[in-house]
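As the structure is a computational prediction, the values presented were derived from the model and not from experiment.
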Amino acid sequence: MTDAAEKFLASLNADSLAKVSMKFDDPKRLDWHNIPKPERKGLQVREMTPEQRELCHRLLKAALSDVGYEKAVRIMSLENNLREGEKNLTGGNLRDPQRYFLTIFGKPTSSGDWGWSFEGHHFSLNFVIHDGQVIADTPSFWGANPATVDIVVAGGPDKGVRTLAKEEQIAFDLVNSLDDAQRKKAIIADKAPEEYRNAGVPQPPQGAPEGLAATDMTDAQKKTLRSLLETYNGNLAPALTANRLADVDAAGLDRIYFAWLGATKPGIGHSYRVQGPTFVLELINVQSDPAGNVANHIHSVWRNLKGDFGVPAK
């Protein structure tokens, strides 16, 4: 990451450098959201030269696995699908696959602290590096609209493609494997909420976990739960994935809870939460896509209960 960030900064002129660079302790480092905000911090991809865009993507590749990078690029490309689906909408949001912003906080170096974020509609990555090691990688938001492609555009994904397929499907597999007694514990609401908790807030929601404890699952169900965690975290670079899963294992898989809200089949609003001592993962799919297909618009986020952005939670 440090090498990629240094090379990106070296490619910029003074005006672009001023946009992309912020002090590490700038309060705006904690300003994040997945919505299509009219204004964002950082340098927009659209304002970069082709060379700079390539260098920006090298930084993304340093943070993501091959699978995760492919998903990230597709999430951004879905802005084209949204633009097509909303072309007759007056006063709608700006849909642009290049309207994503890179910000670098502090000076990339092998000693001391620095960080960076890459953010736009339905995508937010946030990292803190201390003495050459990543010490914070949350909030980590991944969204998709349409979740299953219905409106096709030239050069975009084919009809039926699901960008976050496993993140959603494995959870369906888990909830539908539960027996009646388990379901009574796991399903905490018949209707899914409108949004995940603490959206755009610098720190994650706190509170006791709800739902079904892993201790009350069969070995096969525990394996499915573990697969869900591996899938979401597998979007990050292998070393970051290993670190996150090591934290999960150290805290104890049996101390994780799985909660479901809403329908237990696709096409109707649904949501799940997975919470352990150190993290909370939430996915929600309730909103319609531009074609009017219900529950075809995913928001998902992984947060560190010890504190996002490397800032201890209060």
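- Checked by atom type and distance alone, the side chain of Asn233 never pairs as donor or acceptor with a backbone atom of Thr241 at under 3.5 Å.
- Side-chain contact of Asn198 with Gln203: a donor-acceptor pair under 3.5 Å is absent, judged by distance alone.
- Contact check on Lys7 versus Asp3 returns a salt bridge, with a Lys/Arg side-chain nitrogen under 4.0 Å from an Asp/Glu carboxylate oxygen.
- With no hydrogens or angles considered, no side-chain donor-acceptor pair links His122 and Asn34 at under 3.5 Å.
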Intermediate values then yes/no, side-chain hydrogen bond (donor to acceptor under 3.5 Å, both in side chains), Gln275 and Glu210: CA-CA 8 Å; Gln275 183 170 334; Glu210 298 178 276; over 6 Å; no
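- A side-chain N or O of Asp173 and one of Gln169 form a donor-acceptor pair less than 3.5 Å apart.
- Judged purely by distance below 3.5 Å, without hydrogens or angles, the side chains of Ser16 and Asn13 pair a donor atom with an acceptor atom.
- Two rings, from Trp116 and Phe8, have their centers 6.0 Å or more apart.
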Would Phe141 and Tyr196 count as a ring pair (Phe, Tyr, Trp, His ring centres under 6.0 Å) if you check the C-alpha gap in whole Å, the side-chain angles of each, and the deciding distance to 0.1 Å? CA-CA 11 Å; Phe141 181 96; Tyr196 64 96; 5.6 Å; yes
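- Counting only residues at least two apart or in different chains, side-chain hydrogen bond (donor to acceptor under 3.5 Å, both in side chains) contacts with residues 21-30 are absent.
- For Glu195, the salt bridge (Lys or Arg N to Asp or Glu O under 4.0 Å) criterion is met by no residue, not counting sequence neighbours.
- When the salt bridge (Lys or Arg N to Asp or Glu O under 4.0 Å) test is applied to Glu6, no partner is found at least two apart in sequence or on another chain.
- Although no hydrogens or angles enter the test, the distance criterion places no donor-acceptor pair under 3.5 Å between the side chain of Arg99 and the main chain of Arg95.
- With Asp289 contributing its side chain and Asn293 its backbone, the two residues share a donor-acceptor pair below 3.5 Å.
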Would Trp114 and Phe127 count as a ring pair (Phe, Tyr, Trp, His ring centres under 6.0 Å) if you check the C-alpha gap in whole Å, the side-chain angles of each, and the deciding distance to 0.1 Å? CA-CA 9 Å; Trp114 71 280; Phe127 296 97; 9.3 Å; no
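- With sequence neighbours excluded, no residue forms a salt bridge (Lys or Arg N to Asp or Glu O under 4.0 Å) with Arg83.
- The distance between the ring centers of His33 and His121 does not fall below 6.0 angstrom.
- Between His299 and His297, the ring planes are perpendicular. Angles over 60° get that label, and only those under 30° would be called parallel.
- Considering only residues two or more places apart in sequence or on other chains, Asp31 meets the salt bridge (Lys or Arg N to Asp or Glu O under 4.0 Å) condition with Lys37.
- Judged by distance alone, the side chain of Arg273 and the main-chain N or O of Trp260 form no donor-acceptor pair under 3.5 Å.
- Taking a 6.0 Å sphere around CG of Asp66, one finds it holds 12 or fewer heavy atoms contributed by other residues, nucleotides or ligands.
- Looking at Asp216, its side chain never comes within 3.5 Å of a backbone N or O of Leu212 through a donor-acceptor pair.
- The aromatic rings of His270 and Phe172 sit tilted, their planes meeting at an angle between 30° and 60°.
- In this structure, a donor-acceptor pair under 3.5 Å is absent between the side chains of Glu47 and Gln98.
- In the model, Asp131 has no side-chain atom that pairs as donor or acceptor with a side-chain atom of Ser111 under 3.5 Å.
- When atom types are taken as modelled, the side chain of Gln133 and the backbone of His130 share no donor-acceptor pair closer than 3.5 angstrom.
- Counting only distance, with no hydrogens or angles, the side chain of Ser271 and the backbone of Leu261 share no donor-acceptor pair below 3.5 Å.
- Within the structure, every pair that satisfies the salt bridge (Lys or Arg N to Asp or Glu O under 4.0 Å) test and touches residues 134-150, not counting sequence neighbours, is listed here: Asp137-Arg244, Asp150-Lys159.
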